[in-house]
Amino acid sequence: MDPKFEHKKIEALIAERWKTGGYFKAERDAKKEPFTIVLPPPNASGRMHTGNVLMVAIEDLLIRWKRMKGYSALWVPGTDHAGFETQTTFERELKKKGKSRFDYDRDTLYQMIWDFVHENKALIEGQIQAMGASVDWSRYTFTLDPEAVATVLDTFEKMEKEGLVYRSDYVVNYSFKWGTTFSDAETTFKERKDPLYYIKYGPLTVATVRPETKLGDTALAVNPNDKRYKKYIDTEIEFEDVTGPNKLKVIADSYVDPKFGTGVLKVTPAHDKNDFEIGIRHGLAVKNVISTNGRMSDNCGKYAGLKVLEARTKIIEDLEALGSIEKIDAEYSHPVPVDYRSEDYIEQLVLPNWFIKVDDSKKSLKKPAYDVVKDKKVKIYPKWREATYLRWVENMHDWAISRQIVWGIRIPAWYNLEENPTVHVVFLDSSGKAVSGNAGDLLKTYSYEEIEKGLQSLNAPKECKYIVSKKKMGKPYLQETDTFDTWFSSGQWPLVTLHYPNSEDFKYFYPTSVLETGWEIVTRWVSRMIMFGIYLTGEAPFKDIYLHGHIRAIDGKKMSKSLGNVINPEDYIAEYGVDALRMGLISGTANGRDFNFPKDKILGYRNFANKIWNMTRFMLMMMEKEDFTKYEDLPEYSKDAAKTYSEEEKEIVKGLNSLIKQVDKNLEKYRFADAGEAIYQFMWHEIADKYIEYVKNLEDKRVALGLLRHVMLNCLKLLHPFMPFVTEAIWQEIPRNVARDLADSDWPEA
RNA sequence: GGGGAAUUAGCUCAGCGGUUUAGAGCACUCGGUUUACAUCCGAGGGGUCAUAGGUUCAAAUCCUAUAUUCCCCACCA
């Protein structure tokens, strides 16, 4: 043995050994109990970050532990197509080449991204392997594998048949920059200074930062308790507007804050989420005045076609001319919605979108998803996270599942262009020029085939009829160009990876045992998996949920590129080894709370790996010296033999037994750090500091050395799920009575 | 604005059902070439457990306020 534990040399050898052994391929064995974890799929074109390392470390720990305890342990690996993330990464690459997505038709673009992802996929797969993750590669799944896609489409079809799918106008967060909608979760707010205009509407005055949206006003609103305006409620106000004489109804809604501005709100249902809801409450018309191209729409009269900001300037001028501007507060600062990636402005627009009813009177999706956690049929660790889940699910509203991007699973709905001439189509004609317009008009000049081939996107008004079909419909049908929200497909991940509904794997391994992931996607992902699991199988897809904390940078701040504090786990793997990194992160993660990257602990566990390496080296040296080189040369541990042990020997046996119990107990409770810490303390400070020193000084070492070997072998088993490489490497050096590799060994019993 | 979490040694954190002198790793001090390990060994210093009240025979631990920090959700036109 080398005088030091050389992780670089050993890791690859050991990984190869496990691969040859085939220990991680889970067999369906009726005599065994299944233990299943589905790996939350990392982004297929991304690379490993510290969060992934922690996730792998915890899941591998659970899986190896249960496998050694005799379960049929299955850990299913996979990668995610990560719709929006990947498409934007790819578009950045395109930009470097002076191209953009608008240069390609939809099918070509999709194929290009497919190729891009498949060129990069091997990287993350290799990293998962290098981490020592004992996943079953024979069951590897990519979210866009044909079978995975088929399952997702089947689910959509079923939901559509059962009336859970609908199309509706909806206020979406729309980015002109990216040309797509963003979910609320992908939208943040940024403080910005904008002039606040006080605009007269007849006798009333309204304060707004968006005068241009006045073209879409369909009411004025006041607080029902506001004495100043009581007399105007339910009356119509007439006034001279920039477009000529106008009149608006005054409604009462408690959303209006009497203390803000003048206490009068202009209601623009098409361009503000809250106004949209007021509109629904009061049955107001929705007048769309801003189009997806960032310009004022056709129904804006003389302002039509102007960019939003141009229209604002113009309208202010016109209002000034009318004498309708009461005052301007130039110092007004307010939060504006921006997209979380580029912090570019987000406009709220009304677009037809695809929705899932989550609280249908006949078939509620959210209620059982709530109950199952409330009733502790699915347990969340740490417990205090439960409240987040319950609160969110309780307030869940219908789910907009469509995204205006190419990279994803295309919604399998088809529009008959002859029956729906108003479908708006954008395509590249045979010369590569972009053409857009209504299908009815375009079909007069272009053939269906040309449109279909060059199709970039379509936008079907909500009245359009559609047919759901997984097969290509052909002329005169065009397929919806929206794709599913990533969470719609990854929400079915446990079902997809286990080949729901008819496979043997599904019957044996479903529901899975534990879902382990970061808490930040509890709402977006975990709730959806529970919903789909119950909807399709009647059973939640997992029994326990363990949520690990976020890893912050060393400075205690969130890792971010702009702060330059992002930690690349590979640097630490190279310097300290996989085992040290895994164990260091696990020991930092205690209660599922966020924690700072535990640099010192990683160093500490690197030293520990070296320590147990040298303990073994020393033990073997003592054996060799006394010529106990074969297994049989030393006495085996037995309860009988233990009766004649010395105090020191009895002490170490007692310590080992209590350690085994402690490790099991802590792992049952997901207290990984405590379990690991206990092994560390025992091996270093009981075995090395005390017991080895004791053996060292004995005249006759036979019995004590035999016991040392016994204790060491058992400790290696306990430590293996935490630090798989170094323990396996040491295991191979010690003479044993069983040939099996450590990864394939049985868990010790106290 | 609503909700959650944290505040314990210089640093990062444990202390999960109230129990003897409050623990660990790193850092620090002193001393060590001892059949492996200096990524080591031995000894040691260092904490009024954020603050103020309360419950109790007994509180870092339970309760209530306050302060500070972090996070999530919402986002007043």
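Please read all numbers here as calculations on a predicted model, not as lab measurements. A note on names: the letters A, B, ... follow the listed sequences, proteins ahead of strands, and every chain is numbered from 1.
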Could you measure between the two P atoms, the one in B:rG1 and the one in B:rG47, and give it in whole Å? 40 Å
The side chain of A:Met621 is closest to which nucleotide in this list: B:rA36, B:rC75, B:rC40? B:rA36
Who is the Watson-Crick or G-U wobble partner of B:rU61, with both distances under 3.5 Å? none
Interatomic distance where CZ belongs to A:Phe608 and C1' belongs to B:rA24 [whole Å]: 14 Å
Kindly say if A:Arg606 contacts the phosphate of B:rG25, meaning a side-chain N or O under 4.0 Å from OP1 or OP2. no
Give one of base, sugar-phosphate or nothing for A:Ala387, where a contact means two heavy atoms less than 4.0 Å apart. nothing
Ignoring hydrogens, what is the shortest heavy-atom contact between A:Leu634 and A:Arg702? Give both atom names and the distance. CD2-O, 3.4 Å
Cationic N near anionic O, under 4.0 Å, A:Lys4 to A:Glu6: no
Which word best sums up how the rings of A:Tyr680 and A:His685 line up, parallel for under 30°, tilted for 30 to 60°, or perpendicular for over 60°? perpendicular
Can you check the A:Tyr198 OH to B:rC76 C1' distance for me, whole Å? 12 Å
Sort out the partner of B:rU19 for me: Watson-Crick or G-U wobble, both distances under 3.5 Å, none otherwise. none
Closest of B:rC13, B:rC76, B:rA36 to the A:Arg552 side chain is B:rC13
Give a yes/no on whether any side-chain N or O of A:His685 is located under 4.0 angstrom from OP1 or OP2 of B:rG25. yes
In whole angstrom, what separates A:Asp689's CG from B:rA24's P? 13 Å
Answer for the Watson-Crick or wobble partner of B:rC28, both distances under 3.5 Å, is B:rG44
Is there a donor on the side chain of A:Lys669 or the base of B:rC16 sitting less than 3.5 Å from an acceptor on the other? yes
